[in-house]
Amino acid sequence: MPELPEVETVRDGLDRLVVGAVVRDVEVFRDYSVRRHDGGPGSFRDQLVGRRLSAAVRRGKFLWLPLGSGVDDDAPAAALLAHLGMSGQLLVRGAGVAPGRDGAAPDDEWRHPHLRVRLHLAGAPSGARYLDFVDQRTFGHLSVQDLVPDGDTTAPPGAPAGYGSDLPVLPAPVAHIARDLLDPSLDLDALVRRVRRRRTQIKRALLDQTVVSGVGNIYADEALWRAQVHWGRPTDRLPAAQVRRVLESAAAVMREALAQGGTSFDDLYVNVNGQSGYFERSLAVYGRENEPCRRCGTLVRRDAFMNRSSFSCPVCQPRPRGLR
DNA sequence: ACCGGTCCCTGTTAGC
DNA sequence: TGCTAACAGGGACCGG
């Protein structure tokens, strides 16, 4: 499932392989994959054709490609916005990197069964010809969005709105998304205070993208295990040092995952080259119900939480009073 | 303004 | 074997 490290891996690949290319055509194979776009798929195509993909920027799990005119270098006023949801991939074809059926040798013409949108490119330095949006479970989506000023008041004035950009502007639907834990402009002290002002459980706060972005269910569980904090601890009664430890643990585990190219369980996630990440083998608790805790050997426990699963060590992460 | 619950979507797997 | 139900889960949205 793409969380921050996986999306950053994709952003980096797009930066190297497709930035500089001009969009020549757009094919939308499934309308539902173009969402929250004014005017629908037809307008989506019209707003992309002839535009230059001028950068690759990320905040949390959102990714966008600011659109240049294709003629001059005026500051972009719009961007192609992508969210990968839980199974989205952006695959570059034509640069000899994206694999064919069943992971076979690179095949520039192959259409993945879950291909939802294809951008036809020209002029990419890498030789990329297509940018394919592939998404099995269709929680991911693409749109073209206006770029608006960043409303974040805790960052220095003029700070870049996302990783990979120099500009303090971002797509309108991302304006309410908080900075992520690997953002150099993040104010960690302000974030610790913000979390402690909430009246909720620590894991809910970690997963709330308007508080801090980029953390999903997997890295939330890993961070809480590292910090030895139970997911159900109330934020307003958690000491600042513990909140800080949770956040620093999340940043550390995501940095390590990024260094390994992201996490993959079942090839739903692949990077822009179509290769899986290798971080799964490093997970301490996520998906390890009834397996020994890597710290103390106690069997890892799974709880239903927010309509999903939470994995924790019953000994290293003692539950708060009043929670079953 | 904040908070928690529900729904969107599809392929795989577990269970009867 | 064939069907159904559960499951994976980020974020928009809505009601309190």
Side-chain angles (χ1 to χ4, degrees), chain A residues 1-8 10 28-38 58-64 81-90 101-102 112-117 133-143 145 151 153 170-178 180-181 191 193-223 231-237 250 254 262-270 276 280 283 285-290 302-311 323:
Chain A
M1 328 308 166
E3 299 182 29
L4 187 154
E6 292 77 25
V7 180
E8 175 55 25
V10 171
V28 177
F29 300 102
R30 176 171 288 227
D31 287 356
Y32 186 73
S33 294
V34 175
R35 283 206 295 289
R36 287 161 228 294
H37 177 94
D38 289 342
R58 180 192 56 75
R59 174 183 286 202
K61 305 173 204 172
F62 283 88
L63 180 64
W64 64 93
L81 176 64
H83 196 292
L84 301 178
M86 57 187 293
S87 58
Q89 308 170 37
L90 285 165
R101 183 181 302 276
D102 298 328
H112 192 284
H114 301 128
L115 177 61
R116 309 305 189 191
V117 179
F133 180 63
V134 170
D135 189 13
Q136 180 200 104
R137 295 179 195 167
T138 68
F139 269 30
H141 54 95
L142 304 181
S143 62
Q145 300 288 343
T153 54
L170 74 181
V174 187
H176 70 290
I177 299 295
D180 61 64
L181 290 165
L191 176 56
R193 288 193 295 271
R194 173 123 201 251
V195 168
R196 296 182 74 229
R197 279 199 303 268
R198 307 279 293 199
R199 295 174 58 90
T200 188
Q201 296 167 324
I202 183 65
K203 186 172 174 182
R204 287 181 184 273
L206 262 186
L207 294 176
D208 186 337
Q209 306 296 299
T210 68
V211 174
V212 60
S213 68
V215 182
N217 202 37
I218 299 171
Y219 294 116
D221 280 2
E222 293 299 306
W231 52 262
R233 295 284 297 276
T235 45
D236 55 345
R237 275 179 276 159
M254 290 193 296
T263 303
S264 176
F265 303 99
D266 49 12
D267 292 333
L268 281 179
Y269 167 73
V270 291
S276 301
E280 181 193 359
L283 295 178
V285 281
Y286 185 85
R288 297 190 63 245
E289 183 180 15
N290 291 328
R302 182 169 78 100
D303 296 298
F305 175 82
M306 288 175 77
N307 273 334
R308 46 190 62 110
S309 294
S310 235
F311 298 91
L323 205 65

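Computed from a predicted structure; not experimentally measured. In what follows, chains carry the letters A, B, and so on, assigned in the order in which the sequence lines appear, proteins first and then strands, with residues in each chain numbered from 1.
- Using a 4.0 Å heavy-atom criterion, one finds that F305(A) contacts no nucleic acid atom at all.
- Between E3(A) and M254(A), the closest side-chain pair of non-hydrogen atoms is not below 4.5 Å.
- A donor and an acceptor atom, one from each side chain of S213(A) and K61(A), are nowhere located under 3.5 Å apart.
- Rounded to whole Å, the distance from CG on D135(A) to P on dG10(C) is 14 Å.
- Comparing the local axis fitted to the first five base pairs of the helix from dC2(B)-dG16(C) to dC16(B)-dG2(C) with the one fitted to its last five gives a bend of 50°, rounded to 10°.
- No engagement by G85(A) is indicated, since no non-hydrogen atom pair under 4.0 Å with the nucleic acid exists.
- Rounded to an integer number of Å, the gap from CG of L283(A) to P of dA8(C) is 15 Å.
- With a 4.5 Å cut-off on side-chain heavy atoms, V34(A) and H141(A) do not count as touching.
- In this structure, N217(A) atom CG and dA8(C) atom P are separated by 9 Å, rounded to whole Å.
- Going from atom CG of D208(A) over to atom P of dG10(C) covers 12 Å, rounded to whole Å.
- For the pair R58(A) and F62(A), the cation-pi criterion (under 6.0 Å, within 45° of the ring axis) is not fulfilled.
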Protein-to-nucleotide contact annotation, 5' to 3' order, nucleotides 7-15 of chain B [B base; S sugar-phosphate only; - none; under 4.0 Å, heavy atom]: -BBBS----
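- Between R116(A) and D135(A), no side-chain nitrogen of the basic residue sits less than 4.0 Å from a carboxylate oxygen of the acidic one, so the salt-bridge criterion is not met.
- In this structure, CE of M306(A) is placed 10 Å from C1' of dG10(C), rounded to the nearest angstrom.
- Within residues 194-204 of chain A, the residues having any heavy atom closer than 4.0 Å to DNA chain B are, in order of number, R198(A), R199(A), T200(A), R204(A).
- With sequence neighbours excluded, no residue forms a ring-ring contact (aromatic ring centres under 6.0 Å, His included) with F133(A).
- Counting heavy atoms from C-beta outward, L84(A) and V10(A) have side chains that approach closer than 4.5 Å.
- Qualifying side chain to side chain donor-acceptor pair (under 3.5 Å) partners for T200(A), counting only residues two or more places apart in sequence or in other chains: none.
- With no hydrogens or angles considered, a side-chain donor-acceptor pair links R302(A) and S309(A) at under 3.5 Å.
- Residues V215(A) and L4(A) fail the side-chain proximity criterion, which asks for heavy atoms closer than 4.5 Å.
- Using a 4.0 Å heavy-atom distance criterion, H176(A) is classed as a sugar-phosphate-only contact.
- What separates NZ of K61(A) from P of dG10(C) is a distance of 5 Å, to the nearest Å.
- We find that CG of L4(A) is positioned 11 Å from P of dG11(C), with the value rounded to whole Å.
- One can place CG of L63(A) at 17 Å from P of dG10(C), the figure rounded to the nearest angstrom.
- Remark: R196(A) pairs with V192(A), A240(A), V243(A) by the side chain to side chain contact (heavy atoms under 4.5 Å, CB included) rule, at least two apart or across chains.
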